[in-house]
A.B. asks: 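Can you keep this structure in mind? I'll have questions shortly.
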There are 2 protein chains.
Amino acid sequence: MDIPSGDTARKRISESTIHRLSRYFRTLSLLEKENFETVSSKELAKREKLTPAQVRKDLSFFGSFGTRGLGYPVAELKAKVSRILGIDRIWRVALVGVGNIGSAMVSYKEFIKQGFHIVKLFDNDQRKIGSNHKGIIVSDIKNLRTELQDDRIEMVIVAVPATVAQYIVDDIVKAEVKAILNFAPINLKVPSGVHVRNENMVMELEYLSFAMVNHHSPKGGGKA
Amino acid sequence: MDIPSGDTARKRISESTIHRLSRYFRTLSLLEKENFETVSSKELAKREKLTPAQVRKDLSFFGSFGTRGLGYPVAELKAKVSRILGIDRIWRVALVGVGNIGSAMVSYKEFIKQGFHIVKLFDNDQRKIGSNHKGIIVSDIKNLRTELQDDRIEMVIVAVPATVAQYIVDDIVKAEVKAILNFAPINLKVPSGVHVRNENMVMELEYLSFAMVNHHSPKGGGKA
DNA sequence: TGCTAATTGTGAAGCATTTCACATGAGTAT
DNA sequence: ATACTCATGTGAAATGCTTCACAATTAGCA
Ligand SMILES: NC(=O)c1ccc[n+]([C@@H]2O[C@H](COP(=O)([O-])OP(=O)(O)OC[C@H]3O[C@@H](n4cnc5c(N)ncnc54)[C@H](O)[C@@H]3O)[C@@H](O)[C@H]2O)c1
Ligand SMILES: NC(=O)c1ccc[n+]([C@@H]2O[C@H](COP(=O)([O-])OP(=O)(O)OC[C@H]3O[C@@H](n4cnc5c(N)ncnc54)[C@H](O)[C@@H]3O)[C@@H](O)[C@H]2O)c1
């Protein structure tokens, strides 16, 4: 779904296109640092190992940002893409489960850079509650729902054991949060309208395992 | 690519199919614990939010494992799927970069459970080299290439800063390792025959951001 | 001011993946 | 035995995604 320049006639945008937009954004940031004024679909494609047609088609879903004969203005396109992705703003993010992976995320600088600000932490471990992680005091999980609402949290990262993840998520949903990034290796149930993305490292290792055993190179050369 | 029962006539298997196999494997493990003897494509589909036809088609690429009228034998199918994925064995894995995310991975129990054994750690920080993490002594990055080879490492997890990731990967490639799980947010260059999977959490948050801004529900309901 | 070279934007073609629909086979009960 | 039910396995249809190919447009230059 999106707006091809005006405001009506939304198209359905594929998951792959959205992921490629993220990649374009990252590459455009680099190009900007390298002082490129413009970039062609050919150059962008080369850097991302895609076809120029793919790049142009992806962008064309959202409008026409280029100049024929010249290419795309780097800074401007970057701004447009960030607008499309919704990262031309700050997102207030909470994290539940300040364990191994949770602590790593709190220290992750790329999040802040891209406007994802982790502003609340939750845990149920008495030793962790009240402690300070990167300037944030860990809250008691008991207050999850009310604090998510009071602090107008828009996204939650779930990094608790799989056994409790669904309960936590039920509470997150009650707090009217509509976006969840989940690290627990389970299929979460959420009502429609709530977006869930799963980060599953075991699945990626299994993919590598399959590829090795089968001498496999899938179309597109795999996830980039 | 794979063997549909016999040995010749390999088909090209899509990335999505492989990922779904991982999910079937996880669900079959649960079904086994719940003492199911058999499972239908319908039940499997329900648990994974897929269509029964999708489940049957995925499995049919590799052979016919079910019984008409009955369904699939859980334990047997699980064994078959683990065979297909190549996880009916131990994989020797090394990890480079024992920092925030690297340390988290070393403690991650699911890896061992699925046969991915992290047996070597590397870093360039003098304070970390020689220290003990979960029973593994951190090696000096200087010895990366030789130690990877001497220890017959088959997969490497890369968890170093993006600025040095490519150099590290060049060395990993020289050590003839053919599978890399990369956490650095860059496009790694590797020769063909070397498999790379990227784990990029920022991209997943960006996807959520897009979904929120666009009130988006893509086909399939997103990544499960 | 018109010509050339470059590169976009986009229908249409070409592939790939998913879903449909049904013949087929296996178990069960009478 | 026979009939009945259930659920697989699979061609074929439908849908979705990527690539092609070219008209349209712009910058640069003579
Ligand atoms: N460690 C990894 O590298 C890794 C990688 C991928 C996925 N994961 C997944 O991430 C999740 C966390 O893994 P981890 O290794 O960080 O585990 P962990 O045990 O180190 O951390 C879990 C944290 O959650 C807290 N917790 C437990 N129950 C809670 C509850 N009811 N409410 C609030 N907090 C609660 C614990 O106190 C702990 O701080 C697991 O689901 C795991 O499968 C971990
Ligand atoms: N922290 C996160 O949650 C997170 C999430 C996703 C991706 N990442 C990515 O993972 C990578 C590591 O992130 P981090 O947060 O763990 O950083 P970190 O600084 O905590 O860890 C990096 C580790 O790599 C080591 N290192 C640096 N240069 C090295 C070299 N040349 N050879 C060997 N080791 C070297 C450092 O000593 C350190 O131990 C980064 O690329 C980051 O973008 C991090």
A.B. asks: Nearest whole angstrom, please: distance from the P of D/dG28 to the CD of A/E37.
C.D. replies: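 The answer, rounded to whole Å, is 12 Å.
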A.B. asks: For A/D58 and C/dT10, give me the distance from atom CG to atom C1', rounded to whole Å.
C.D. replies: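 Nearest whole value for this atom pair: 14 Å.
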A.B. asks: Would you indicate, yes or no, if D/dT19 has its OP1 or OP2 atom less than 4.0 angstrom from a side-chain nitrogen or oxygen of A/T51?
C.D. replies: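 So the side-chain polar atoms of A/T51 do come within 4.0 Å of the phosphate oxygens OP1 or OP2 of D/dT19, strictly under.
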A.B. asks: Determine whether B/D151 and B/K120 satisfy the following criterion, salt bridge (charged side-chain N to carboxylate O under 4.0 Å, His left out), listing intermediate values before the conclusion.
C.D. replies: CA-CA 8 Å; B/D151 272 313; B/K120 293 229 60 135; 3.1 Å; yes
A.B. asks: Nearest whole Å is fine: how far is C/dT17 P from B/R12 CZ?
C.D. replies: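 Roughly 9 Å, once rounded to whole Å.
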A.B. asks: Between C/dG9, C/dT19, D/dG9, which one does the side chain of A/S64 approach most closely?
C.D. replies: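 Closest nucleotide among those given: C/dG9.
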A.B. asks: Going by atom types only, do B/E48 and A/N187 share a side-chain donor-acceptor pair under 3.5 Å?
C.D. replies: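 Yes.
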A.B. asks: Under 4.0 Å between a Lys/Arg side-chain N and an Asp/Glu carboxylate O for A/E76 and A/R83?
C.D. replies: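 Not counted as a salt bridge, because no side-chain N and carboxylate O are separated by less than 4.0 Å.
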A.B. asks: Work out which heavy atom in A/N214 is nearest to a heavy atom in B/I84; give both atom names and the distance.
C.D. replies: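 Heavy atoms of A/N214 and B/I84 come nearest at ND2-O, 3.6 Å.
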A.B. asks: Side-chain N or O of A/Y72 less than 4.0 angstrom from OP1 or OP2 on C/dA6?
C.D. replies: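 Indeed not, no polar side-chain atom of A/Y72 lies that close.
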A.B. asks: Return the nearest nucleotide to the side chain of B/K57; candidates are C/dT19, C/dG9, D/dA7.
C.D. replies: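 Nearest to the side chain of B/K57 among the choices is C/dT19.
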A.B. asks: Can you tell me if B/S14 touches the phosphate of C/dA16, counting only side-chain N or O atoms and a distance under 4.0 Å to OP1 or OP2?
C.D. replies: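 Result: no.
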A.B. asks: Are A/R145 and A/D171 close enough for a salt bridge, meaning some N to O gap below 4.0 Å?
C.D. replies: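 The answer is no: the pair does not qualify as a salt bridge.
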A.B. asks: Indicate yes or no for a side-chain donor-acceptor contact from B/T27 to the backbone of B/R23 under 3.5 Å, with no hydrogens or angles considered.
C.D. replies: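 Judged by distance alone, yes, a pair lies under 3.5 Å.
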A.B. asks: How long is the line joining CD1 of B/I13 and P of C/dT17, in whole Å?
C.D. replies: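 That distance rounds to 9 Å.
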A.B. asks: Between A/E204 and A/N200, do the side chains contain an N or O donor and an N or O acceptor separated by less than 3.5 Å?
C.D. replies: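 No, no side-chain donor-acceptor contact under 3.5 Å.
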A.B. asks: Nucleotide by nucleotide, 5' to 3', does protein get under 4.0 Å of the base (B), only the sugar-phosphate (S), or neither (-) in nucleotides 25-30 of chain C, counting heavy atoms?
C.D. replies: BS----
A.B. asks: Take atom CD of B/E43 and atom P of D/dC6, then tell me their distance rounded to the nearest Å.
C.D. replies: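 Going from B/E43 (CD) to D/dC6 (P), I get 16 Å.
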A.B. asks: CD of B/Q54 versus C1' of C/dA21: gap in Å, rounded?
C.D. replies: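 It is 16 Å, rounded to the nearest whole Å.
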A.B. asks: Does B/R20 put a side-chain nitrogen or oxygen below 4.0 Å from OP1 or OP2 of C/dT18?
C.D. replies: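 Indeed, a polar side-chain atom of B/R20 lies that close.
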A.B. asks: Using atom CG of B/L77 as one end and atom P of D/dA7 as the other, report the distance to the nearest whole Å.
C.D. replies: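 Checked: the CG to P distance equals 16 Å.
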A.B. asks: Between atom CZ in A/R56 and atom C1' in D/dT25, what is the gap in whole Å?
C.D. replies: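 Interatomic distance, CZ of A/R56 to C1' of D/dT25: 13 Å.
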A.B. asks: A/K42 near the nucleic acid: base, sugar-phosphate alone, or nothing, with a heavy-atom cut-off under 4.0 Å?
C.D. replies: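 Since no nucleic acid heavy atom lies under 4.0 Å of A/K42, the category is nothing.
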